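Chain A is the first sequence line, chain B the second, and so forth, proteins listed ahead of strands; every chain is numbered from 1. Owing to the predicted nature of the structure, the values given are computational and were not obtained by experimental measurement. Note that these values count all heavy atoms, side chains included, but never hydrogens, waters or copies made by symmetry.
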Number of protein chains: 2
Amino acid sequence: MCEKLPMQNDGIVRLAKIQVNPDYLEEYMKYAVEVGTISLETEPGVLTMYAVSDKENPCNITILETYASQEAYKSHISSCHFQKYKQRTLHMVDSLLLDDVTPLNSNNKLKNYIQR
Amino acid sequence: MCEKLPMQNDGIVRLAKIQVNPDYLEEYMKYAVEVGTISLETEPGVLTMYAVSDKENPCNITILETYASQEAYKSHISSCHFQKYKQRTLHMVDSLLLDDVTPLNSNNKLKNYIQR
């Protein structure tokens, strides 16, 4: 895991809500796991990327994402690993909502990492 | 912060989705922050309790909750601090959905804590 940057005033906390086409769910999952792993392990400004799927409808994916700054977010979406994920999954995604959110308690902290 | 238990096979990962009555939002927030703080700091089986509100509609609250086991969850909902939160906010909550979820990557780990 790379060292992480501190959260800045222009940082982002977001719930990405993705509806995956059921025909592609298994394949989508592989790309999502790959991009999450590489982003967390190599990008200092990607602080959290925690993806879950509904037990009742596994095609409903929610990703808790936090970025240290707007710059960190721009760097993320221009990275090779994100562009690979985006291009290869475009046809698998039925809908995508990016809901920016505010933590209720600024002292409540998350440390997100990949266990090897 | 108390020491945390390891996640068990019968552990819970959940997105609690709460719609708060706008008349009570500020008051609700105080109870939600209180119960989250006490639960994280004192309950070994409450591994994650991270609450956010939508920027566009702050009455939409989402809480990422993980419990180490079913027993840890039962202990949580019978605790004094949870019962206080539940009873005092009942009339403030317009709707509550508990969506159990599955992490896409079992190696993707969260450590959640209160910074003092």
Side-chain angles (χ1 to χ4, degrees), chain A residues 1 4 6-7 12-18 20 25-26 28-41 46-66 85 97-116, chain B residues 1 4 6-7 12-18 20 25-26 28-41 46-66 85 97-116:
Chain A
M1 290 285 296
K4 294 298 179 185
M7 179 60 96
I12 297 168
V13 184
R14 175 174 289 166
L15 293 173
K17 297 172 182 176
I18 299 153
V20 179
L25 183 58
E26 199 178 335
Y28 174 85
M29 296 284 205
K30 287 181 195 160
Y31 285 110
V33 167
E34 183 185 75
V35 73
T37 301
I38 298 174
S39 302
L40 269 182
E41 289 197 334
V46 175
L47 307 183
T48 314
M49 193 159 283
Y50 188 75
V52 297
S53 66
D54 279 10
K55 279 193 190 291
E56 285 201 0
N57 182 354
C59 292
N60 287 343
I61 310 280
T62 305
I63 311 176
L64 173 63
E65 306 176 353
T66 71
Y85 157 81
L97 272 178
L98 302 179
D99 283 348
D100 283 359
V101 296
T102 309
L104 266 59
N105 178 2
S106 59
N107 293 323
N108 186 316
K109 302 290 185 188
L110 287 175
K111 188 176 150 91
N112 189 198
Y113 59 97
I114 303 295
Q115 189 169 65
R116 291 287 178 183
Chain B
M1 290 286 297
K4 295 297 179 184
M7 178 60 95
I12 298 168
V13 183
R14 175 174 289 167
L15 292 173
K17 297 171 182 177
I18 299 153
V20 180
L25 183 57
E26 198 178 335
Y28 174 84
M29 296 283 206
K30 288 180 194 160
Y31 285 110
V33 167
E34 183 184 77
V35 74
T37 301
I38 298 174
S39 301
L40 269 182
E41 290 198 319
V46 174
L47 307 183
T48 314
M49 193 158 283
Y50 188 75
V52 297
S53 66
D54 279 10
K55 279 192 190 291
E56 284 200 1
N57 181 355
C59 291
N60 287 343
I61 310 281
T62 305
I63 311 177
L64 173 63
E65 307 176 352
T66 71
Y85 157 81
L97 273 177
L98 302 179
D99 283 348
D100 283 358
V101 296
T102 308
L104 266 58
N105 178 2
S106 59
N107 292 322
N108 186 315
K109 302 289 186 187
L110 287 175
K111 188 175 150 95
N112 188 198
Y113 59 96
I114 303 294
Q115 189 169 64
R116 292 288 179 182

Quick one: of [options], who has the most non-hydrogen atom pairs under 4.5 Å with chain B?
| options | value |
| --- | --- |
| Lys109(A), Arg14(A), Lys111(A) | Lys109(A) |
| Ala51(A), Pro103(A), Ser53(A) | Ser53(A) |
| Val33(A), Thr102(A), Ile114(A) | Thr102(A) |

Practice problem: Could you give me the CA-CA distance, side-chain angles and deciding distance for Leu15(B) and Leu15(A), then say whether side-chain contact (heavy atoms from CB on, under 4.5 Å) is met? | Solution: CA-CA 11 Å; Leu15(B) 292 173; Leu15(A) 293 173; 5.6 Å; no
Quiz item: Between Asn112(B) and Asn108(A), is there a donor-acceptor pair closer than 3.5 Å when you use the side chain of the first and the backbone of the second?
Solution: no
Self-check item: side-chain contact (heavy atoms from CB on, under 4.5 Å) partner of Val52(B), chosen from Asp100(A), Asn105(A), Val101(A), Thr66(A)
Solution: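 Looking at Asp100(A), Asn105(A), Val101(A), Thr66(A), the match for Val52(B) under the side-chain contact (heavy atoms from CB on, under 4.5 Å) is Val101(A).
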Quiz item: Given a strict heavy-atom distance threshold of 4.5 Å, which part of Ile63(B) is in contact with chain A: side chain, backbone, both, or neither?
Solution: neither
Quiz item: Side chain, backbone, both or neither: which part of Thr62(B) has an atom under 4.5 Å from a heavy atom of chain A?
Solution: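 When you check distances to chain A, only side chain atoms of Thr62(B) fall under 4.5 Å.
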Quiz item: Between Val13(B), Leu110(B), Leu40(B), which has the largest tally of heavy atom pairs under 4.5 Å with chain A?
Solution: Leu110(B)
Quiz item: Roughly how far, to the nearest 0.5 Å, is CG of Asp54(A) from CG of Asp99(B)?
Solution: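 Rounded to the nearest 0.5 Å, the CG-CG separation comes to 5.0 Å.
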Exercise. Would you check, one step at a time, whether the test side-chain contact (heavy atoms from CB on, under 4.5 Å) holds for Tyr50(B) with Leu64(A)?
Key: CA-CA 10 Å; Tyr50(B) 188 75; Leu64(A) 173 63; 3.9 Å; yes
Quiz item: Do you know the tightest heavy-atom contact between Leu104(B) and Ala32(A)?
Solution: CD2-CB, 3.8 Å
